[in-house]
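I'd like to ask you about the structure that follows.
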Amino acid sequence: MSPIVPSLPPHLIQLGFDYVLAVEAQDDVQAARLAPEVEQLPGLLPGIVELIVFPMTALSDDTDPCADSFVLDEVGVIHLMAIREWATDAPAAAAPGIARTIAHFVGQVLADTPTDVVQALQALRDEQVERARAVALHR
């Protein structure tokens, strides 16, 4: 399946992850500082969700598909579509909830322990920003 959200430039990936990190760390000052810019870009947080969720749920080209893999792919697509609709319909109200949803997913699926969420988000941010920079250089 193709991505739901177009690819994001490095500076927007940085902004989206920084907002999620501020919300997760309960840094209200930083979250409030970043919120106006995040709210002006309703596709930003769905793009961040896609960077994290899509690789974990999408059908893989290198393994034999089975019923479970099709279900997981569809759950990922539905999750991404719901987040996108939420962000489009109410960007200001949705942003903190989407950020908490991202942090929860990372804590449950990607972090070594739920207390490592911030570190896992920082590592994801750095990886995704670097990947976006590499793609931008090769265009």
Side-chain angles (χ1 to χ4, degrees):
M1 181 187 142
S2 63
I4 295 172
V5 178
S7 60
L8 296 169
H11 73 283
L12 291 181
I13 293 171
Q14 180 82 38
L15 171 65
F17 272 100
D18 287 349
Y19 179 76
V20 172
L21 282 160
V23 169
E24 174 61 18
Q26 298 180 349
D27 184 345
D28 296 336
V29 172
Q30 178 73 343
R33 186 181 72 72
L34 297 173
E37 198 171 354
V38 169
E39 292 163 8
Q40 291 297 315
L41 303 163
L44 178 62
L45 292 179
I48 300 301
V49 171
E50 186 170 313
L51 290 172
I52 297 169
V53 173
F54 194 70
M56 300 300 299
T57 62
L59 284 171
S60 174
D61 291 336
D62 60 347
T63 59
D64 291 330
C66 66
D68 290 345
S69 59
F70 285 105
V71 170
L72 185 59
D73 180 72
E74 193 58 30
V75 167
V77 170
I78 290 168
H79 179 71
L80 293 169
M81 289 173 63
I83 294 277
R84 183 181 63 187
E85 290 299 317
W86 188 15
T88 300
D89 291 344
I98 294 171
R100 286 189 294 274
T101 300
I102 292 169
H104 179 78
F105 181 88
V106 169
Q108 296 301 307
V109 177
L110 300 173
D112 292 332
T113 66
T115 58
D116 293 338
V117 173
V118 170
Q119 293 86 351
L121 282 167
Q122 290 168 334
L124 282 167
R125 176 197 58 203
D126 296 345
E127 174 187 325
Q128 293 297 333
V129 167
E130 201 52 45
R131 182 175 292 149
R133 284 186 180 136
V135 168
L137 286 174
H138 290 100
R139 285 188 184 171

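Since the model is a prediction, treat every value here as computed from it, not as a measurement. The residues of the chain are indexed from 1 along the displayed sequence. Hydrogens, waters and symmetry mates are skipped; everything else that's a heavy atom, side chains included, is used.
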Original post:
How far does NE2 of H11 sit from CZ of R133, to the nearest 0.5 angstrom?
Top reply: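 Reported to 0.5 Å precision, the distance equals 11.0 Å.
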Subject >> V135 reachable from V129 in the ILVMFWY side-chain graph, under 4.5 Å edges >> reply: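 No, V129 and V135 fall in different hydrophobic clusters.
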Original post:
salt bridge (Lys or Arg N to Asp or Glu O under 4.0 Å) with R33: which residues, sequence neighbours excluded?
Top reply: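 None.
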Subject >> Heavy-atom pair of closest approach, residues P42 and P46 >> reply: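 Where P42 meets P46 most closely, the heavy atoms are O-CD, 3.2 Å.
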Original post:
Quick one: CZ on R125 to CD1 on I52, what's the gap to the nearest 0.5 Å?
Top reply: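 Result: 11.5 Å between the selected atoms.
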**OP:** Determine whether F105 and I78 fall in the same hydrophobic cluster, where Ile, Leu, Val, Met, Phe, Trp and Tyr are linked whenever their side-chain heavy atoms lie under 4.5 Å apart.
**Re:**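 Hydrophobic grouping puts F105 apart from I78.
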**OP:** Please examine the side chains of V49 and T101, heavy atoms only from C-beta on, and report whether any two atoms are closer than 4.5 Å.
**Re:**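 A side-chain contact is absent here, since even the closest heavy-atom pair is not under 4.5 Å.
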Original post:
Could you state the interatomic distance from OH (Y19) to CD1 (I102), rounded to the nearest 0.5 Å?
Top reply: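 Output value for this atom pair is 10.0 Å.
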**OP:** Decide if atom CD of E127 counts as having more than 12 heavy atoms of other residues, nucleotides or ligands within a radius under 6.0 Å.
**Re:**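 Enclosed: over 12 neighbouring heavy atoms sit under 6.0 Å from CD of E127.
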Original post:
Looking only at heavy atoms, what is the nearest atom pair of L8 and A132, with distance?
Top reply: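 Looking at all heavy atoms of both residues, the closest pair is O-CB, 3.9 Å.
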Original post:
So how far is it from S7 OG to L12 CG, rounded to the nearest 0.5 Å?
Top reply: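 Answer rounded to 0.5 Å: 10.5 Å.
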**OP:** First locate atom CD1 of I48, then atom CD of Q14, and finally report the distance between them rounded to the nearest 0.5 Å.
**Re:**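 If we round to the nearest 0.5 Å, I48:CD1 and Q14:CD are 9.5 Å apart.
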Original post:
side-chain contact (heavy atoms from CB on, under 4.5 Å) with V20: which of I98, L45, L15?
Top reply: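 So the option named by the test is L45.
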**OP:** Supply the atom-to-atom distance D126 CG to L121 CG, rounded to the nearest 0.5 angstrom.
**Re:**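 Taking CG in D126 and CG in L121, the distance rounds to 10.5 Å.
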